[in-house]
Protein chains: 2
Amino acid sequence: MPALSIGDLARRTGVPVETIRYYERMGLLPKPPRTEGNYRAYETGHERRLAFVKRSRDLGFGLDAIRALLDLADGADRPCGEVDALARDQLAEVERKIADLTAMRAELQDMLGHCRADTVADCEIIGRLRGK
Amino acid sequence: MPALSIGDLARRTGVPVETIRYYERMGLLPKPPRTEGNYRAYETGHERRLAFVKRSRDLGFGLDAIRALLDLADGADRPCGEVDALARDQLAEVERKIADLTAMRAELQDMLGHCRADTVADCEIIGRLRGK
DNA sequence: TCTTGACCCTGTAGCGACTACAGGGTGCAG
DNA sequence: CTGCACCCTGTAGTCGCTACAGGGTCAAGA
Ligand SMILES: [Zn+2]
Ligand SMILES: [Zn+2]
Ligand SMILES: [Zn+2]
Ligand SMILES: [Zn+2]
């Protein structure tokens with residue numbers, strides 16, 4: 001199996017080229033070997049690692065947490081308590097955001113429901129933003 | 001009623017001093033008159049405007065949208081269709097975010113539910129991040 | 001052989017909405 | 001008069017990208 005260019009890797013993982021280079025700068029991906037022409041040459045190990053990063057990002061983990069997860073994933077024998085703690089923190093963060101957004105949604109829906117589409121002077125939305 | 005210092009305004013609205021200055025730079029708040037010592041001197045009009053901005057931010061509106069809302073709020077006679085459109089856009093954005101976060105929450109909860117707290121090699125969380 | 005065009009490289013700047021200084025000036029109470 | 005809390009401007013950092021600018025590389029087609 002031949003080495004992959006950064007564009008190949010981007011197509012295979014769905015992560016944009018610029019983002020792959022950014023992850024490398026941030027220390028999430030190891031610096032790959034280069035071709036004669038100074039192109040990055042990736043192997044399947046790199047692809048697996050990038051896929052791990054992408055799945056973690058899709059769950060909302062920050063790059064610091066992902067670095068920690070990658071480190072933990074390398075130590076097969078250790079207990080997974082730290083992994084679970086990171087996942088629980090992330091779940092808590094997601095739940096906090098959902099709670100905030102749910103409150104926003106309720107207020108926006110209520111505003112929109114009360115607006116009778118007349119003039120700005122009587123508009124319920126503007127009225128509430130002004131504080132009644 | 002005497003003029004308010006920026007610190008007074010911050011305490012009364014719950015908006016940090018640095019953020020008030022930032023809103024002024026961004027054109028959301030008018031430049032207030034200054035005292036002899038070059039301190040900003042606010043009146044109740046400024047406080048109302050800042051409160052409007054804060055309530056809008058609390059609903060997740062971006063600063064561009066808030067600028068538009070402030071402009072619209074000044075034209076009392078005009079129909080409120082544009083206001084409603086901004087609110088509907090914001091509601092749609094909030095709903096999109098809730099959907100994304102809800103999917104993340106489900107996956108995180110499921111991962112955590114399947115983890116039997118043994119070694120990293122067998123950890124369901126790490127396993128799924130690796131793509132099974 | 002030459003040229004075109006797609007790809008790759010580095011380095012830097014921008015996004016949004018703040019937040020945190022650094023390095024100074026002001027104002028009031030003890 | 002001396003602290004101390006507050007205020008000023010200007011700049012840089014945060015997070016996770018994203019978008020250039022200004023070049024180099026490489027394979028296919030004429
Ligand atoms: Zn109601
Ligand atoms: Zn209305
Ligand atoms: Zn399950
Ligand atoms: Zn586990």
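Hydrogens, waters and symmetry mates play no part in the numbers below; they use all other heavy atoms, side chains included. Below, chain A is the first sequence line, B the second, and so on; all start at residue 1.
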Undergrad: If you look at every heavy atom in A/S56 and B/L129, which pair is closest and at what distance?
TA: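 For A/S56 versus B/L129, the nearest heavy atoms are OG-CD2, 3.6 Å.
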Undergrad: Judged by atom type as modelled, is there a donor-acceptor pair below 3.5 Å linking the side chain of A/R49 to the main-chain atoms of A/L28?
TA: yes
Undergrad: Not counting sequence neighbours, which residues clear ring pair (Phe, Tyr, Trp, His ring centres under 6.0 Å) with A/Y42? List them please.
TA: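 For A/Y42 the ring pair (Phe, Tyr, Trp, His ring centres under 6.0 Å) partners, ignoring immediate neighbours, are A/H46.
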Undergrad: Pull out every residue in residues 89-104 of chain B that has a heavy atom closer than 4.0 Å to any atom of DNA chain D, ordered by number, or say none.
TA: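 DNA chain D contact set from residues 89-104 of chain B: none.
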Undergrad: Test of understanding: with side-chain contact (heavy atoms from CB on, under 4.5 Å), list the residues that count as partners of B/D110, not counting sequence neighbours.
TA: B/H114, B/R128
Undergrad: Estimate the overall bend of the helix from C/dT1-D/dA30 to C/dG30-D/dC1 from the end axes over five pairs each, rounded to 10 degrees.
TA: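 Angle reported: 20°, given to the nearest ten degrees.
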Undergrad: Under the rule for side-chain contact (heavy atoms from CB on, under 4.5 Å), what residues qualify as partners of A/A41, not counting sequence neighbours?
TA: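 In terms of side-chain contact (heavy atoms from CB on, under 4.5 Å), with neighbours along the sequence ignored, A/A41 is linked to A/A3, A/T35.
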Undergrad: Look only at the side chain of B/R48 and the backbone of A/R130, and say whether a donor-acceptor pair between them is shorter than 3.5 Å.
TA: no
Undergrad: Specify the separation, in whole Å, of atom CG of B/L9 and atom P of D/dC7.
TA: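 Rounded to whole Å, this separation is 10 Å.
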Undergrad: Strictly under 4.0 angstrom, non-hydrogen atoms only: write out the protein contact profile of nucleotides 13-24 of chain C, one letter per nucleotide from the 5' end, B, S or -.
TA: ----BBSBB---
Undergrad: Under the salt bridge (charged side-chain N to carboxylate O under 4.0 Å, His left out) definition, can you give me all pairs with a residue in residues 72-82 of chain B, not counting sequence neighbours?
TA: B/R78-B/E82
Undergrad: How many whole angstroms separate atom CD1 of A/I66 from atom C1' of D/dC17?
TA: 13 Å
Undergrad: Please determine whether a side-chain nitrogen of the Lys or Arg among B/R12 and B/E47 lies less than 4.0 Å from a carboxylate oxygen of the Asp or Glu.
TA: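 Salt bridge flag = yes for B/E47 with B/R12.
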Undergrad: In whole Å, I'd like the distance from the CG atom of A/L4 to the P atom of C/dC7.
TA: 15 Å
Undergrad: Sequence neighbours excluded, which residues qualify as side-chain hydrogen bond (donor to acceptor under 3.5 Å, both in side chains) partners of A/R34?
TA: A/N38
Undergrad: Below 4.0 angstrom, which residues in residues 31-42 of chain B have at least one non-hydrogen atom near DNA chain C?
TA: B/G37, B/Y39
Undergrad: Check whether A/R40 reaches the backbone of A/I6 with its side chain - one donor and one acceptor, N or O, closer than 3.5 Å.
TA: no
Undergrad: Please table the atom pairs, donor to acceptor, closer than 3.5 Å between any side-chain atom in residues 13-20 of chain A and protein atoms at least two apart or in another chain.
TA:
{"from": "A/T13", "atom 1": "OG1", "to": "A/L9", "atom 2": "O", "distance (Å)": "2.8"}
{"from": "A/T13", "atom 1": "OG1", "to": "A/V15", "atom 2": "N", "distance (Å)": "3.3"}

Undergrad: Show me, pair by pair, the donor-acceptor contacts under 3.5 angstrom made by side chains of residues 58-73 of chain B, not counting sequence neighbours?
TA:
{"from": "B/D58", "atom 1": "OD1", "to": "B/K54", "atom 2": "NZ", "distance (Å)": "3.4"}
{"from": "B/D58", "atom 1": "OD2", "to": "B/K54", "atom 2": "NZ", "distance (Å)": "3.2"}
{"from": "B/D64", "atom 1": "OD1", "to": "B/R67", "atom 2": "NH2", "distance (Å)": "2.7"}
{"from": "B/R67", "atom 1": "NH1", "to": "B/M26", "atom 2": "O", "distance (Å)": "2.3"}

Undergrad: Return the set of residues passing side-chain hydrogen bond (donor to acceptor under 3.5 Å, both in side chains) with B/R11 (not counting sequence neighbours), or none when no residue passes.
TA: B/D8
